[in-house]
Amino acid sequence: MTSTDSEATTEDSGPGGYAAARLRLLQEETRPGPPRRAALARLTDDWLAALHAAASPPPGTALVAVGGYGRGELSPRSDLDLLLLHDGTAPPAAVAALADRLWYPVWDLGLALDHSVRTPAEARATAAADLKAHLGLLDARPVAGDRALAAGLRAAVLADWRDRAPARLPALHELCRERAERHGELPHLLEPDLKEARGGLRDATALRAVAASWLADAPRDGLDDARRALLDVRDALHLATGRATDRLALQEQDQVARDLGLPDADALLRRVYEAARTLAYASDVTWREVHRVLRARSPRTRLRGLLGGPRGGRSRPERTPLAEGVVEMDGEAVLARTARPERDPVLPLRAAAAAAQAGLPLSRHAVRRLAATARPLPVPWPAEAREQLVTLLGAGEPAVAVWEALEAEGLVTRLVPEWERVRCLPQRNPVHTWTVDRHLVETAVRASSLTRRVGRPDLLLAAALLHDIGKGAPGDHAHAGEGIARAVAARVGFDPADTAVIATLVRHHLLLVETATRRDLDDPATVASVARAVGGPDTLELLHALTEADALATGPAAWSAWRAALVADLVARVAAALAGGAPPHPADPAAPGAREERLAVEALRTGEPVLALHTRAEAAAPVPGERPAPAGGPPAPGGGPESAAPGGDPEPVGVELLIALPDQPGVLPAAAGVLALHRLTVRSADLRAVDLPDALGATGSVLVLNWRVAAQYGSLPQPGRLRADLVRALDGSLDVAARLAERDAAQPGRRGVPAPPPRVTVAPAGAAARATVLEVRAQDAPGLLHRIGRALEDAGVRVRSAHVSTLGANAVDAFYVTSGEGAPLPGEEAVSVARRLEEALRG
């Protein structure tokens with residue numbers, strides 16, 4: 001026992017002696033944190049024990065500390081939670097007199113007191129009826145009196161808690177969720193409530209209660225340190241204000257930071273945010289485990305397990321494939337048994353993207369294994385890694401929890417080291433709802449709903465993630481962020497042109513809203529300055545969407561109908577100023593190369609489909625008589641998904657599949673449907689009708705399809721199987737639509753946020769001389785091209801050529817269609833076909 005503690009036993013046990021010893025303890029600078037909290041609890045124990053002894057307590061009574069005091073943790077202004085326990089044998093008047101002699105000295109000191117007088121049976125009945133009372137009793141600790149009586153109550157309360165855990169824990173989880181809705185998220189609040197907000201001390205108490213149930217336990221890494229950090233901040237806050245407050249107000253932050261030896265208030269908030277994120281993530285993981293255990297214990301699940309396994313044995317949890325190396329199990333995305341993170345550096349991003357797209361949490365065990373064993377990505381990243389990052393960012397709200405899981409194990413800063421600068425960085429502007437890093441993720445979430453408005457959703461999402469990356473660096477954050485974003489985009493694998501667009505968006509992400517609200521839009525110089533900054537209509541389109549996403553992710557005060565109208569007016573004026581140049585339209589796919597031409601000749605001679613599946617190395621090999629050309633055909637509108645590495649060599653996703661067959665109706669839906677049946681994801685595709693010259697020894701029209709495909713999971717199918725199914729699909733013996741519908745119906749329902757609705761537009765006249773161009777922007781999904789092809793067939797139009805691009809999870813396609821006679825569609829008919837196609841994709 002220290003000298004300060006011992007003084008309480010030698011001095012008067014009344015309020016004055018305790019108050020003096022308490023003051024001396026709180027003024028000590030050598031024992032902050034846990035030692036001081038424990039010493040204050042011991043000092044209070046000794047004082048209350050002396051009061052209890054001086055009151056001549058009747059037999060069968062005990063003074064019990066509960067709640068935080070029961071845990072032996074007292075902050076300077078903490079309430080004293082006390083229970084006077086009696087076995088019912090003492091006269092009521094004697095128990096009441098004892099209570100008065102205990103409670104009044106506490107009140108005389110001005111200390112907050114939460115008190116009750118009960119028998120063990122009454123205490124258990126109260127706990128059964130009141131969840132919060134039950135939680136407090138879980139930490140019951142004897143202070144004075146009959147210790148066996150107190151120990152018996154604690155044992156009984158714990159037994160009750162474990163017996164009733166299947167009902168109690170869901171109710172506790174609901175309490176935690178309601179509290180989070182009322183008080184917000186501690187890891188992001190500018191004036192956080194250290195106790196009540198999500199990730200605060202209440203959540204730490206809830207995790208202790210879950211562990212006491214023996215049903216599940218929280219991840220222990222960093223948990224005690226996080227809880228201790230929040231308690232230390234609360235101690236300093238109590239001492240700085242002299243009040244029992246849990247809200248870390250702005251005006252107190254500098255003083256609290258100084259008392260804790262931190263350089264400034266931002267360092268204080270970052271410490272709070274770090275601790276809160278640890279607690280919040282541990283809570284998410286723990287509650288998922290609780291619900292998994294409760295599901296497994298439910299009578300229906302147990303009966304299904306008994307009946308479903310071999311010979312009545314218990315069946316294994318179902319594992320549904322999500323992507324290569326990733327499966328769904330028990331409501332989480334986990335690694336497949338065959339996954340080898342040490343050989344697959346893209347797996348962390350693939351797993352994250354698959355989880356977010358499916359609306360599933362990413363298993364903590366999977367994230368920890370990925371963090372421990374996955375190899376670093378090469379620089380620049382392979383194209384698949386870039387695509388998976390874009391897919392993750394475009395998943396909407398589910399991306400937030402997946403991103404937090406990656407951050408919890410350090411994977412985000414491993415992928416993007418520059419992220420460390422903005423991680424947990426507070427925003428001092430009260431307009432902002434989130435910390436800088438969470439604001440960036442939230443902006444990507446908002447941008448995901450705007451992807452139908454732009455031709456390059458991948459660039460929009462990348463710029464959304466990076467637009468404030470310069471905060472925390474010296475100088476203007478937009479100027480600093482431009483250079484950082486340029487470096488990150490190049491490392492991620494965007495080609496120089498795309499990297500320049502991303503850097504421009506970051507540099508000017510405030511340009512539209514600041515110009516629209518502060519400058520005279522009728523002044524031609526205003527419009528000209530914005531036009532010079534953005535450079536072209538594609539970048540203007542992206543900047544408009546980024547401006548809206550940034551404002552919506554900032555907070556409710558940052559965007560309004562008035563601001564939206566001003567920005568839209570400015571964008572329209574700038575677009576008109578930029579219209580002097582040739583408008584961007586999708587290029588009509590070029591003539592076939594030598595490889596496609598040879599297949600076309602063979603298809604025309606045999607009258608049947610001809611297929612060739614090339615690996616990356618085979619596709620890159622030169623063909624005699626063929627001039628080098630970028631892999632995957634001509635660029636998509638605004639650029640293609642197969643960007644070149646810094647060295648200039650294209651690096652496409654997937655392998656090349658060439659199909660040639662005599663021109664006939666239904667080719668596009670049949671071929672796309674067969675690929676979907678074989679679980680091949682189309683990353684890009686070109687379709688063109690080719691009229692072969694007499695000089696090749698065959699005449700007639702042939703359709704040539706150049707696909708870039710990748711297996712969703714597993715290995716690629718054999719070309720012979722693809723060809724056989726394509727022949728059956730074309731002759732009607734294979735009902736592709738029915739097979740796809742049957743498979744979709746068997747898939748489990750997903751909780752992912754609904755994607756933005758598809759959008760089909762008619763390109764302006766002049767986009768193509770011999771056809772009408774329909775531009776389709778939609779969420780990529782198995783069978784999407786099949787549905788598009790069927791809808792166009794049903795509309796009675798002929799697909800003369802097409803260019804298909806998949807950017808992350810977004811399809812950006814252009815279809816060149818004609819009437820049956822081969823002429824472009826009249827204006828009204830083109831619009832009607834576009835509306836019919838849009839309705840078919842919505843259905």
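Side chains are part of it too, since the values below use all heavy atoms of this structure and drop only hydrogens, waters and symmetry mates.
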Does a side-chain N-to-carboxylate-O contact under 4.0 Å join [X] and [Y]?
X: Asp221; Y: Arg368; answer: yes
X: Glu289; Y: Arg364; answer: no
X: Arg177; Y: Glu181; answer: no
X: Asp468; Y: Lys471; answer: yes
X: Arg446; Y: Glu548; answer: no
X: Asp264; Y: Arg258; answer: no
X: Glu387; Y: Arg350; answer: no
X: Arg228; Y: Asp225; answer: yes

I'd like to know if the side chain of [X] and the backbone of [Y] have a donor-acceptor N/O pair within less than 3.5 Å.
X: Asp437; Y: Cys424; result: yes
X: Asp79; Y: Asp81; result: no
X: Thr278; Y: Glu274; result: yes
X: Arg247; Y: Leu194; result: no
X: Asp203; Y: Gly199; result: yes

[X] and [Y]: side-chain donor and acceptor closer than 3.5 Å?
X: Arg423; Y: Thr413; result: no
X: Asp114; Y: Tyr69; result: no
X: Arg288; Y: Ser283; result: no
X: His238; Y: Ser75; result: no
X: Glu185; Y: Trp434; result: no

Does a side-chain heavy-atom distance below 4.5 Å link [X] with [Y]?
X: Leu111; Y: Arg22; answer: yes
X: Val488; Y: Val492; answer: yes
X: Val346; Y: Gln388; answer: yes
X: Arg37; Y: Leu231; answer: yes
X: Val256; Y: Leu239; answer: no
X: Arg428; Y: Leu250; answer: yes
X: Pro361; Y: Asp284; answer: no
X: Leu440; Y: Trp419; answer: yes

(message) Ring centroids only, cut at 6.0 angstrom: are Trp214 and Trp161 within range, meaning strictly under it?
(response)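 Trp214 vs Trp161: aromatic centres not under 6.0 Å.
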(message) Less than 6.0 angstrom separating the ring centers of His477 and His467, yes or no?
(response)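 Between His477 and His467, the centre distance exceeds or equals 6.0 Å.
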Cut-off 3.5 Å, no hydrogens considered: what does the side-chain donor-acceptor table look like for residues 551-563, sequence neighbours left out?
{"unit_1": "Thr554", "atom_1": "OG1", "unit_2": "Asp550", "atom_2": "O", "d": "2.7"}
{"unit_1": "Ser560", "atom_1": "OG", "unit_2": "Arg563", "atom_2": "N", "d": "3.3"}
{"unit_1": "Arg563", "atom_1": "NH1", "unit_2": "Ala558", "atom_2": "O", "d": "3.4"}

(request) Please say which of Thr320, Val334, Leu322 ends up in a side chain to side chain contact (heavy atoms under 4.5 Å, CB included) with Val327. (result)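 The side chain to side chain contact (heavy atoms under 4.5 Å, CB included) with Val327 is passed solely by Val334 among Thr320, Val334, Leu322.
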(message) Please evaluate residues Arg369 and Ser363 with respect to the criterion side chain to side chain donor-acceptor pair (under 3.5 Å), reporting the C-alpha separation (whole Å), side-chain torsions for both, the decisive distance (0.1 Å), and the verdict.
(response) CA-CA 10 Å; Arg369 183 181 170 196; Ser363 159; over 6 Å; no
(request) Let me see the working for Thr433 and His188 under side-chain contact (heavy atoms from CB on, under 4.5 Å), right down to the final yes or no. (result) CA-CA 7 Å; Thr433 301; His188 309 289; over 6 Å; no
Exercise: identify the closest heavy-atom pair between [X] and [Y]:
X: Gly470; Y: Ile484; value: CA-CD1, 4.1 Å
X: Pro426; Y: Asp266; value: CG-OD1, 3.5 Å
X: Leu189; Y: Tyr273; value: O-OH, 2.6 Å

(message) Students often mix this up, so state it plainly: with edges at 30° and 60°, are the rings of His173 and His291 parallel, tilted or perpendicular?
(response)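 If you compare the ring of His173 with that of His291, the planes turn out tilted.
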(request) Please step through side-chain contact (heavy atoms from CB on, under 4.5 Å) for the pair Asp254 and Leu268, ending with a clear verdict. (result) CA-CA 8 Å; Asp254 287 323; Leu268 169 67; over 6 Å; no
(request) Apply the test side-chain contact (heavy atoms from CB on, under 4.5 Å) to residues Leu347 and Leu335: give CA-CA distance (whole Å), side-chain angles for both, the deciding distance (0.1 Å), then the verdict. (result) CA-CA 9 Å; Leu347 185 55; Leu335 298 186; 4.1 Å; yes
(request) Output, in order, the C-alpha distance, side-chain angles, deciding distance and verdict of side-chain contact (heavy atoms from CB on, under 4.5 Å) for Leu389 and Leu461. (result) CA-CA 9 Å; Leu389 174 63; Leu461 293 167; over 6 Å; no
(message) Can you list everything that forms a side chain to side chain contact (heavy atoms under 4.5 Å, CB included) with Asp163? Sequence neighbours excluded, please.
(response)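 Per chain and number, Asp163 pairs via side chain to side chain contact (heavy atoms under 4.5 Å, CB included) with no residue.
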